[in-house]
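Structure, as structure tokens:
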Amino acid sequence: MLEITSIEKGIVIDHITAGYGIQVFNYLNLDKADYNVALICNAYSEKMGKKDIIKINNVIDINYDFLGLIDPNATVNIIENGKTIKKVKLEVPDRVENIIRCKNPRCVTSVEHYFPHVFHLVNKEKRSYRCEYCDDIVIPYPNK
Amino acid sequence: MLKNRSLIDPSDFTREEFREIFDLGHQIVANPEKYSKSCEGKILATLFYEPSTRTRLSFETAMLRLGGQVIGFSEAASSSTAKGESIADTLRTVECYADIAAMRHPKEGAPRLASHYIHMPLINAGDGGHQHPTQTLTDILTIERLRGNVENKTYGFCGDLKFGRTVHSLIKFLSNYEGVKFILISPEELRVPEYIREEVIKKKGIPFEEVDQMEPYMGQLDFLYMTRVQRERFFNEEDYIRLKDRFILDKEKMSYARPDTYILHPLPRVNEISTEVDDDPRAQYFQQAKNGMYVRMALILKLLGIY
Ligand SMILES: [Zn+2]
């Protein structure tokens, strides 16, 4: 297995469903990071078969709603002095703001642009969401 | 309390709150004179970003019959939208002048958006193919006047169930009541959207059938709700022409219906109900339009907190 050195102080996002790592990476703007970052795709996992991992050598603000939306099974470990000091349990958010956009061409969000894009959870298992404005249903990150 | 609330989607009000509106509606039907000065000094704004003469006239007449007055516009081209003003700004400006507003917009969700920016009551008078709750109030008042209540009945919906917002609103509303059953009659391409089928009908465990024939089901229905296939919802003329004549209610099809099966239609009609049906006592769509005015009167009175 590919060796990635462990980090002293930072964040490890583990157990990301394989394939979603790059989306988390992009959402957190890690391509612009000036600190050490590792995105590991298709790592072996006993439980999951394949998983993605992100190691961030810095303490940054994370939008846990977004992580919960993209993959509620991922785990977030906050590392200090080389040890995990906190594990964050993710949840599928009931409401998300400015993360998903409505794809319905008839929706008011396609013509007016000064307000938040809001979605409400409809079905936790399917992870489907409803547009606050037009009620269109989307499944932004389907359960793989 | 309905005072100062907005009606954007049927789920905005509870069953009890709707009950208040219908009870007042029935009282207005019985004695309209009593309410002829109730809204003196009040102004209703009708903000119609797309033309709908029928709905606008119904709202305006309702306010005038309550003794109130009306301002507004009837198409986007004549409004400030043509100059690029946002919905939020238009509504905030209108709020300076009016006590209550009714809004129609071609984009789905526009009234919900608008309601976040103002404090006066706002009524959704139709947003794209999405919702049209006052038509639903009209339909329910009509059903109650004909059959006493909405429970334990089989409702047929026929025509454009995909884009027909009156259908979506009514299905959402009826889904809260005991013993209702739906027969959804449409061509494959115009069936109800997924969110109505999955999140409303199935979620509430309501028995329903999706079929593409009228005759075999006519005898089961307490009400048949006809809708027109709307040209403006289609990108291509061929699809429109092919689908619009698929279901036409005529005398022959009426012969399969029971004597107590009533025919409703939100109007305007194109050709989906043959004019030969109009004299049938079961055809109730014109009375339905009148009920629409009465129920809008009741809604305005409730949202303004006058009754
Ligand atoms: Zn939308």
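Values below: every heavy atom of this structure, side chains too, minus hydrogens, waters and symmetry copies. In what follows, chains are A, B, ... by sequence order, proteins preceding strands, each numbered from 1.
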Restricting to non-hydrogen atoms, name the atom on [X] and the atom on [Y] that form the minimum distance, rounded to 0.1 Å.
| X | Y | result |
| --- | --- | --- |
| A:Y133 | B:R112 | CD2-CG, 4.0 Å |
| B:A88 | A:E112 | N-OE1, 4.4 Å |
| B:K107 | A:V111 | CE-CG1, 3.6 Å |

Problem set entry | Any residue meeting ring pair (Phe, Tyr, Trp, His ring centres under 6.0 Å) with A:Y35, in chain and number order, not counting sequence neighbours |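 Result, ring pair (Phe, Tyr, Trp, His ring centres under 6.0 Å) vs A:Y35: none returned.
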For this session: Would you indicate whether B:E237, at its atom CD, is surrounded by more than 12 heavy atoms from other residues, nucleotides or ligands within a distance under 6.0 Å?
Result: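 Yes, enclosed.
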For this session: State whether the number of non-hydrogen atoms from other residues, nucleotides or ligands found under 6.0 Å of B:K172 atom NZ is greater than 12.
Result: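 Yes - once you tally the heavy atoms of other residues, nucleotides and ligands closer than 6.0 Å, there are more than 12.
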Quick one: [atom1] on [X] to [atom2] on [Y], what's the gap to the nearest 0.5 Å?
| X | Y | atom1 | atom2 | answer |
| --- | --- | --- | --- | --- |
| A:C131 | B:Y195 | SG | OH | 11.0 Å |
| B:E194 | A:I137 | CD | CD1 | 7.0 Å |
| A:N123 | B:E198 | CG | CD | 9.5 Å |

Exercise. In residues 113-121 of chain A, which residues are in contact with chain B at a heavy-atom separation under 4.5 Å?
Worked result: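 A:Y114, A:F115 fall under the 4.5 Å cut-off.
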Problem set entry | Interface residues of residues 85-107 of chain A facing chain B - heavy atom cut-off under 4.5 Å |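 So far as heavy atoms go, A:N104, A:P105, A:R106, A:C107 are the residues that approach chain B to under 4.5 Å.
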Exercise. Side chain, backbone, both or neither: which part of A:T109 has an atom under 4.5 Å from a heavy atom of chain B?
Worked result: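 Neither part.
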Donor-acceptor contacts, no H, no angles, side chain residues 21-28 of chain A, under 3.5 Å, sequence neighbours left out:
{"unit_1": "A:N26", "atom_1": "ND2", "unit_2": "A:I22", "atom_2": "O", "d": "3.3"}
{"unit_1": "A:Y27", "atom_1": "OH", "unit_2": "A:N63", "atom_2": "ND2", "d": "3.4"}

Problem set entry | Any side-chain heavy-atom pair of A:D135 and B:D9 under 4.5 Å |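 Yes, at least one pair of side-chain atoms sits under 4.5 Å.
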